[in-house]
Amino acid sequence: QLQLVESGGGLVQPGGSLRLSCAASGPTQDYYAIGWFRQAPGKEREGVSCISNSGGSTNYAASVKGRFTISRDNAKNTVYLQMNSLKPEDTDYYYCAADWHSSPGVCTLAKGPYEIWGQGTQVTVSS
């Protein structure tokens with residue numbers, strides 16, 4: 001059974017940067033598209049970014065495009081989310097998730113197809 005563990009969250013000032021990591025253990029990560037999602041209390045979980053199983057395709061929510069970059073290192077079984085130019089509205093609990101039914105070279109920001117979720121990490125952007 002694949003397990004995902006997020007790390008790298010914390011408190012950062014507006015305009016600052018953080019890098020989140022999603023470390024996978026269990027079956028090879030290569031077969032999975034990985035998505036990053038975020039959720040504030042009382043709100044829907046929304047897709048932030050995703051990367052296909054090969055890493056050849058990525059998607060970003062409009063609110064983070066140009067500021068966030070997703071990447072994966074399959075040798076380390078880890079997916080990263082580099083977050084730059086952070087804004088207070090980026091404050092949320094961030095989760096990574098795996099979709100093992102994804103077609104090669106495809107990933108989605110919709111949360112429905114993702115079957116395996118990590119526990120999440122808090123990101124707070126505040127002065």
Side-chain angles (χ1 to χ4, degrees):
Q1 177 75 10
L2 182 72
Q3 292 184 323
L4 303 174
V5 177
E6 302 92 336
S7 62
L11 173 65
V12 64
Q13 291 187 340
S17 298
L18 283 174
R19 188 177 78 160
L20 304 184
S21 297
C22 174
S25 60
T28 305
Q29 189 193 29
D30 300 30
Y31 301 116
Y32 300 82
I34 297 290
W36 281 99
F37 296 79
R38 63 187 183 186
Q39 186 174 22
K43 291 189 176 181
E44 285 287 316
R45 191 169 295 188
E46 64 168 347
V48 174
S49 182
C50 66
I51 188 165
S52 63
N53 49 14
S54 64
S57 178
T58 58
N59 284 319
Y60 296 92
S63 58
V64 306
K65 207 165 190 177
R67 300 188 297 123
F68 291 10
T69 303
I70 192 170
S71 61
R72 69 190 298 159
D73 184 341
N74 285 344
K76 295 183 179 179
N77 283 345
T78 302
V79 170
Y80 304 98
L81 185 68
Q82 178 67 43
M83 306 187 297
N84 298 329
S85 302
L86 282 162
K87 305 175 181 180
E89 51 263 43
D90 294 317
T91 295
D92 264 325
Y93 214 74
Y94 284 71
Y95 301 86
C96 66
D99 171 13
W100 72 299
H101 292 293
S102 62
S103 300
V106 174
C107 70
T108 178
L109 294 180
K111 61 181 184 293
Y114 291 87
E115 302 102 338
I116 300 167
W117 293 82
Q119 294 300 306
T121 185
Q122 176 69 43
V123 171
T124 302
V125 185
S126 175
S127 55

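What you see is a predicted model, and the numbers here were worked out from it, not measured in a lab.
- Using a 4.5 Å cut-off on side-chain heavy atoms (C-beta onward), Leu81 and Arg38 make no contact.
- Note that CG of Asp90 and OG of Ser63 are 7.0 Å apart. Values are rounded to the nearest 0.5 Å.
- Shown here for Pro113 and Ala110, the closest heavy-atom pair between the two residues is CD-O, 3.3 Å.
- Atoms CG and CD, on Leu11 and Gln122 in that order, are 9.5 Å from each other to the nearest 0.5 Å.
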> For Thr121 and Ser7, what are the C-alpha separation, side-chain angles and deciding distance, and is it a side chain to side chain contact (heavy atoms under 4.5 Å, CB included)?
Replying inline: CA-CA 6 Å; Thr121 185; Ser7 62; 5.9 Å; no
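- Residue Leu18 is not grouped with residue Tyr95 when hydrophobic side chains (ILVMFWY) are merged at heavy-atom distances under 4.5 angstrom, including chains of intermediate members.
- For the pair Gln13 and Leu86, the minimum side-chain heavy-atom distance is 4.5 Å or more.
- Heavy-atom neighbours of Glu89 CD from other residues, nucleotides or ligands within 6.0 Å: above the threshold of 12.
- Residues Ile51 and Tyr94 are members of one and the same hydrophobic cluster, defined by side-chain heavy-atom contacts under 4.5 angstrom among Ile, Leu, Val, Met, Phe, Trp and Tyr.
- Atom CD1 of Ile34 is separated from atom OG of Ser52 by 11.0 Å, given to the nearest 0.5 angstrom.
- Atom CH2 of residue Trp100 and atom CG of residue Asn53 lie 13.0 Å apart, to the nearest 0.5 angstrom.
- In this structure, the side chains of Val12 and Met83 stay at 4.5 Å or more apart for every pair of heavy atoms.
- Side-chain contact check for Val79 versus Trp36: some heavy-atom pair is nearer than 4.5 Å.
- Closest heavy-atom contact between Ser102 and Val106: CB-O, 3.8 Å.
- Between Tyr60 and the options Ile70, Leu109, Val48, a side-chain contact (heavy atoms from CB on, under 4.5 Å) holds for only Ile70.
- Put simply, the side chain of Gln119 never gets that close to the backbone of Glu6: no donor and acceptor are under 3.5 Å apart.
- Inter-residue side-chain proximity for Asp99 and Glu115 is flagged as met; some heavy-atom pair is nearer than 4.5 Å.
- Cluster membership check: Leu2 shares its hydrophobic cluster with Leu20, using side-chain heavy-atom separations under 4.5 Å among Ile, Leu, Val, Met, Phe, Trp and Tyr.
- With salt bridges taken as basic N to acidic carboxylate O contacts below 4.0 Å, none links Asp92 and Lys43.
- Looking at every heavy atom in both residues, Cys50 comes nearest to Tyr114 through CB-OH, 3.6 Å.
- A 4.5 Å side-chain heavy-atom check between Trp117 and Arg45 finds at least one atom pair inside the cut-off.
- Contact detail for Ser127 and Pro14: the closest heavy-atom pair is N-CD, 3.7 Å.
- Linking Ile, Leu, Val, Met, Phe, Trp and Tyr whenever their side-chain heavy atoms come within less than 4.5 Å puts Val125 and Phe68 in one cluster.
- With Ser49 contributing its side chain and Asn59 its backbone, the two residues share a donor-acceptor pair below 3.5 Å.
- Checking side-chain atoms of Arg72 against main-chain N and O of Gly55 turns up no donor-acceptor pair under 3.5 Å.
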